[in-house]
Amino acid sequence: MAPGATSKKKTDDEQSTKDSLIHLSNPHLEKMKDDILYHFALGTGTHDFPALFGDIKFVCVGGSPSRMKAFTTYIAKELGLESASGDYPNICEGTDRYAMYKVGPVLSVSHGMGIPSIAIMLHELIKLLYHSKCSNVTIIRIGTSGGIGLEPGSVVVTRQSVDATFKPQFEQVILGKTVIRSTNLDDQLAKELMQCSKEINQFNTVIGNTMCTLDFYEGQARLDGAICSYAEEEKLKYLKDAYDAGVRNIEMESSVFAALCNLSGVRAAVVCVTLLNRLEGDQISSSHDVLVEYQQRPQKLVGHFIKKRLGKV
Ligand code: R2B
Ligand code: URA
């Protein structure tokens, strides 16, 4: 090969590694000697981030600490990376705000409920990946949701996260001014996940818009909260309007998740199981065992995706 060709290839590789690094849109961070990730109880002055986290390629986030631990146990088995003890330590054991587990290239982090909780976690997670010099990272939220017009237990891969007025945007008030951020997700990644679902062929999976709300009750047009000022017909009209706008499920974190991943140049996807069909009711009344099995569905789908990416299927 001509010398010029080799050096061109290297330049392309260097460029693509650079493109796939985490992008931090904060000039102030460069001036800080150490960075304390308070809600993770981790810091660059006390922990060797590149050694601890530098090999991460997949980050899975979900609301509940126990679900994220269960995902870690599952993916460890799937990848043949089980620990001798069968247990996985919580990397954030110095705090009870969030839980974090790592097995091989897969990091699993809980984020609690709602936009403020996941936003705080994501700021610290994105900095953690940056300080660790991670490249080519894919982040997937695996969660639960209420479905619209879908059989309970169906899984929705999000095309676009929309707000409660069906707009694909996230509004953040910064210095007293409203800033609107895009909630686009990675189309190619969503397609890959749909393909994975076809391959495992175990449950109904659709691609659709996900409505992200600020509340579980009035914010999601429920009739069973402590307060409700609308009639059942109004609720159903709103949910049908949402369906007509392409919404197939409702949850509470996807908009800020999409916005922050976009701004950081990280490929991201949202995969949520629907626990009920909101056109039929509001209460989540399936048995514990049924709900546990439903919650394993996004884990199975994303587990297959990770195995495929790693060439293990
Ligand atoms: C799904 O489930 C939670 C509410 O029950 C919330 O975190 C969400 O997005
Ligand atoms: N999570 C939600 O946010 N809404 C539901 O209806 C179910 C789970």
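Indexing begins at 1, ligand by ligand and atom by atom, following the structure's order.
- Here the heavy atom of the protein found nearest to atom 9 (O) of ligand 1 is Glu253 OE1, 2.5 Å.
- Contact annotation for Leu276 and ligand 2: only side-chain heavy atoms (C-beta onward) come within less than 4.0 Å of the ligand.
- The closest side-chain heavy-atom distance from Asp163 to Phe170 is not below 4.5 Å.
- Remark: ligand 2 and Gln220 share an N or O pair separated by less than 3.5 Å (distance only, no angle test).
- Side-chain atoms of Thr213 and Gln220 include a donor-acceptor pair closer than 3.5 Å.
- Under 4.0 angstrom from ligand 1, the non-hydrogen atoms of Arg141 all belong to its side chain.
- Counting protein heavy atoms only, atom 2 (O) of ligand 1 is closest to Thr144 OG1, 3.1 Å.
- Atom-to-atom distance recorded for Ile126:CD1 and Asn26:CG is 11.5 Å, nearest 0.5 angstrom.
- Relative orientation of the Phe71 and Tyr74 rings is tilted, given thresholds of 30° and 60° on the angle between their planes.
- Applying the 4.0 Å criterion to heavy atoms of Ile250 picks out, from ligand 2, the atoms 2 (C), 3 (O), 4 (N).
- Taking only nitrogen or oxygen atoms, main chain and side chain alike, Glu251 does not reach within less than 3.5 Å of ligand 1.
- Here the heavy atom of the protein found nearest to atom 6 (O) of ligand 2 is Arg222 NH2, 2.7 Å.
- Atom 5 (C) of ligand 2 has Gly146 N, 3.3 Å as its closest protein atom, hydrogens excluded (heavy atom only).
- Considering backbone and side-chain atoms alike, Ser145 places every N or O at 3.5 Å or more from each N or O of ligand 1.
- Close approach to Glu251 involves these atoms of ligand 2, each under 4.0 Å from a residue heavy atom: 3 (O).
- We find the CZ-CG distance between Phe53 and Leu107 to be 6.5 Å, quoted to the nearest 0.5 Å.
- Backbone and side-chain nitrogen or oxygen atoms of Arg278 are examined, and none is located within less than 3.5 angstrom of a nitrogen or oxygen of ligand 2.
- Taking atom 3 (C) of ligand 1 as the reference point, the nearest protein heavy-atom neighbour is Met113 SD, 3.9 Å.
- Considering Asp186, Asn262, Asn136 as possible partners of Arg267, the one that fulfils the side chain to side chain donor-acceptor pair (under 3.5 Å) test is Asn136.
- Linking ILVMFWY residues whenever their side-chain heavy atoms come closer than 4.5 Å, directly or via other members, places Phe58 and Ile75 in the same cluster.
- Protein heavy atom closest to atom 1 (N) of ligand 2, with residue, atom name and distance, is Ser145 CA, 3.7 Å.
- Here the side chain of Thr158 pairs no donor or acceptor atom with the backbone of Ser161 at under 3.5 angstrom.
- Expressed to the nearest 0.5 Å, how far OH of Tyr101 lies from CE of Met68 amounts to 10.0 Å.
- Judged purely by atom type and a 3.5 angstrom limit, Glu253 uses its side chain to pair as donor or acceptor with the backbone of Gly114.
- Polar contact with ligand 1: absent for Phe216 (N/O pair, distance under 3.5 Å).
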